[in-house]
Amino acid sequence: MAVAEQLTARDTMLLELEDADASAHMHVGAVLVFEGRPPSHEALVERVGKRLVRVPRHRRQLVDTLSGRQPRRWWSSADAFDVAAHVKPALTPEPVADAGLQGWAGDYFSQRLDRQRSLWELVLLAGPESDGWALAAKTHHCLAADGGCLDALRLIADGAEARGSPGPRAEPAPLEFVRAALSLAGGADGRPGAAAAVGDARSPLAGCSLDAPLSARGRLTVERCSAQGLEGAGGAVDDVVLAAVTGGLRALLLGRGETPPAAGLRAMVPACDAGRSVARVVDLPVQEPDPLRWLDRLRTQRERATLGRTGSGQTGPPELPAWLPAALQAPFCESVLGRRLFDLTVTLVPGPSLPSAAFGCLLREAMPVVPPAAGHALGIAVLPVGDEVTICVTADRDAMPDAGRVGQGLRDAFAELRGVMAAA
């Protein structure tokens with residue numbers, strides 16, 4: 001028997017954002033590369049099917065109808081669920097360790113999930129050689145839990161207990177509508193309201209080449225950089241990573257003959273904190289030539305965010321749905337979609353959740369993927385594991401034919417940071 005469940009405010013906003021622009025993709029994912037012989041498609045379907053019982057959110061399907069002139073959406077869960085429709089096999093003409101895998105992934109993550117099915121899927125990739133295989137995972141933000149890009153690991157890792165997705169959140173009581181309105185208007189408790197937060201988060205750019213319409217073709221570039229010797233950044237890996245991203249983007253703009261914007265580039269930085277998804281707005285100081293200044297400015301913003309102050313580094317618009325009632329989400333999205341809230345997304349993926357193996361095969365590498373947001377030429381996902389940092393740049397193939405400059409800039413930035421910190 002089918003069970004209906006109302007969408008949360010957050011789900012409504014994510015779907016509205018995706019509907020507003022054909023180039024917007026609200027899914028995240030990863031490509032996981034393993035050693036050894038691949039499992040059969042049947043074995044993968046069986047394992048996912050057994051563990052899916054513990055992840056009930058992945059059994060939900062979006063139902064979208066019209067009630068008068070207003071769209072009405074809800075989640076519907078049925079007892080019968082075709083796991084095989086979401087776990088697909090694919091053959092690659094090249095070994096999965098080859099750079100061709102990145103080309104395949106760029107195209108794959110440029111395609112939206114089918115709204116007629118539950119919004120997730122896995123693809124088993126096996127090349128002509130039997131000494132390696134890969135799993136590509138794509139999950140809509142509506143279903144992604146705190147693991148985000150690496151959600152699929154709970155379904156396939158050896159010995160892993162599949163943690164359940166977050167349960168449904170109750171819609172606010174009528175009094176919450178009043179509180180939400182006060183928050184939107186601005187600060188019943190003396191703090192700036194949501195409108196002020198959105199205004200502060202507006203992009204400072206005007207005419208920068210990173211502000212570009214997207215095509216349906218993506219390009220994935222993966223860089224692996226060593227963070228060894230960078231422990232002197234106050235123990236904050238995030239600061240070092242964001243400093244390196246600052247250097248990579250600065251190199252891209254200078255390589256294009258552009259003057260980096262004086263206000264910097266504004267990044268939305270989602271992360272996982274104590275099992276809770278959080279996001280903050282960070283100004284990347286690409287206008288600064290000195291790597292130590294990158295670190296200093298980023299550290300200051302993080303400390304302000306930790307103290308709960310307003311301004312750059314505060315919790316940004318992605319947190320608004322936590323307190324906005326669902327009925328206000330569509331009007332709110334319509335009011336802010338025309339604004340450039342940020343210039344790119346830099347997602348920090350928690351590395352400790354990585355498994356060691358699946359189906360007896362050791363994990364060789366993991367590539368987190370975050371497609372660019374609407375109107376953004378690139379998105380960046382960062383996965384730190386020990387001293388190694390994997391940085392995946394997803395760029396539009398047409399808007400950023402020179403995306404390789406970002407990767408080279410990242411490598412150079414890590415080297416610069418290591419050099420100046422050793423000399424400090």
Side-chain angles (χ1 to χ4, degrees), residues 200-212 221 223-269 280-305 311-313 340 342-348 372 376-382 384 387 389-393 395 399-424:
D200 182 68
R202 292 183 67 177
S203 168
L205 291 190
C208 176
S209 59
L210 294 184
D211 180 3
T221 303
E223 297 294 337
R224 298 165 188 85
C225 303
S226 173
Q228 190 172 13
L230 298 176
E231 299 83 359
V237 176
D238 293 2
D239 293 341
V240 174
V241 168
L242 291 175
V245 170
T246 298
L249 295 174
R250 175 179 168 82
L252 172 69
L253 294 175
L254 292 176
R256 290 180 168 184
E258 297 182 43
T259 300
L265 291 176
R266 184 150 289 176
M268 182 61 66
V269 184
R280 58 191 177 105
V281 179
V282 177
D283 289 331
L284 304 178
V286 293
Q287 74 279 17
E288 291 284 353
D290 184 355
L292 287 179
R293 292 281 289 170
W294 303 342
L295 279 172
D296 182 61
R297 291 199 173 195
L298 292 165
R299 184 186 297 114
T300 298
Q301 292 182 66
R302 175 176 52 81
E303 290 172 350
R304 286 177 177 172
S312 295
R340 282 298 302 272
F342 50 95
D343 306 313
L344 75 157
T345 303
V346 182
T347 299
L348 304 176
H376 296 179
L378 78 165
I380 298 176
V382 181
D387 288 334
V389 180
T390 300
I391 303 178
C392 296
V393 179
M400 287 198 64
D402 57 347
R405 282 179 173 159
V406 180
Q408 181 61 52
L410 284 166
R411 292 193 297 272
D412 292 345
F414 269 103
E416 283 187 84
L417 288 165
R418 191 176 293 105
V420 297
M421 292 180 67

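When a residue number appears, it is its place in the shown sequence, counting from 1.
- In terms of heavy atoms, G264 sits closest to D343 at O-OD2, 4.5 Å.
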Determine, stepwise, if the pair L252 / M400 fulfils side-chain contact (heavy atoms from CB on, under 4.5 Å).
-> CA-CA 10 Å; L252 172 69; M400 287 198 64; 3.5 Å; yes
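- Atom CZ of residue R293 and atom OG1 of residue T246 lie 13.0 Å apart, to the nearest 0.5 angstrom.
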May I have the step-by-step check of side-chain contact (heavy atoms from CB on, under 4.5 Å) for V389 and R224, ending in yes or no?
-> CA-CA 6 Å; V389 180; R224 298 165 188 85; over 6 Å; no
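- With a 4.5 Å cut-off on side-chain heavy atoms, R266 and V281 count as touching.
- Contact check for T390 versus C392: side-chain heavy atoms found under the 4.5 Å cut-off.
- Heavy-atom minimum distance, G247 versus A413: CA-CB, 3.9 Å.
- Side chains of P285 and Q287 form a contact here, defined as non-hydrogen atoms less than 4.5 Å apart.
- Residues V393 and L410 meet the side-chain proximity criterion, which asks for heavy atoms closer than 4.5 Å.
- A salt bridge does not link R302 to D238: none of the charged nitrogens lies less than 4.0 Å from a carboxylate oxygen.
- Atoms OG1 and CG, from T259 and L254 in turn, are 8.0 Å apart once rounded to the nearest 0.5 Å.
- For the residue pair R304/Q301, the side-chain donor-acceptor check at 3.5 Å is not satisfied.
- Counting heavy atoms from C-beta on, the side chains of L295 and L417 come closer than 4.5 Å.
- Closest approach of V420 and P291 over heavy atoms only: CG2-CB, 4.1 Å.
- Residues R411 and C225 form a side-chain contact, since some pair of their non-hydrogen atoms from C-beta on lies under 4.5 Å apart.
- Across all non-hydrogen atoms, the minimal contact from L284 to L242 is CD2-O, 4.2 Å.
- For the atom pair CG (L265) and CG (D283), the distance works out to 9.0 Å, reported to the nearest 0.5 Å.
- For the pairing with I391, the side chain to side chain contact (heavy atoms under 4.5 Å, CB included) check across V406, T221, I380 returns one residue only, I380.
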Please walk me through it: do D296 and D290 pass side-chain contact (heavy atoms from CB on, under 4.5 Å)?
-> CA-CA 10 Å; D296 182 61; D290 184 355; over 6 Å; no
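- Residues R280 and M268 are not in side-chain contact: their nearest non-hydrogen atoms beyond the backbone lie 4.5 Å or more apart.
- Using a 4.0 Å cut-off between charged side-chain N and carboxylate O, D402 and R256 make a salt bridge.
- Residues W294 and R299 have side chains not in contact (no heavy-atom distance under 4.5 Å, counting atoms from C-beta outward).
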side-chain contact (heavy atoms from CB on, under 4.5 Å) between V282 and V346: does it pass, once the steps are laid out?
-> CA-CA 10 Å; V282 177; V346 182; over 6 Å; no
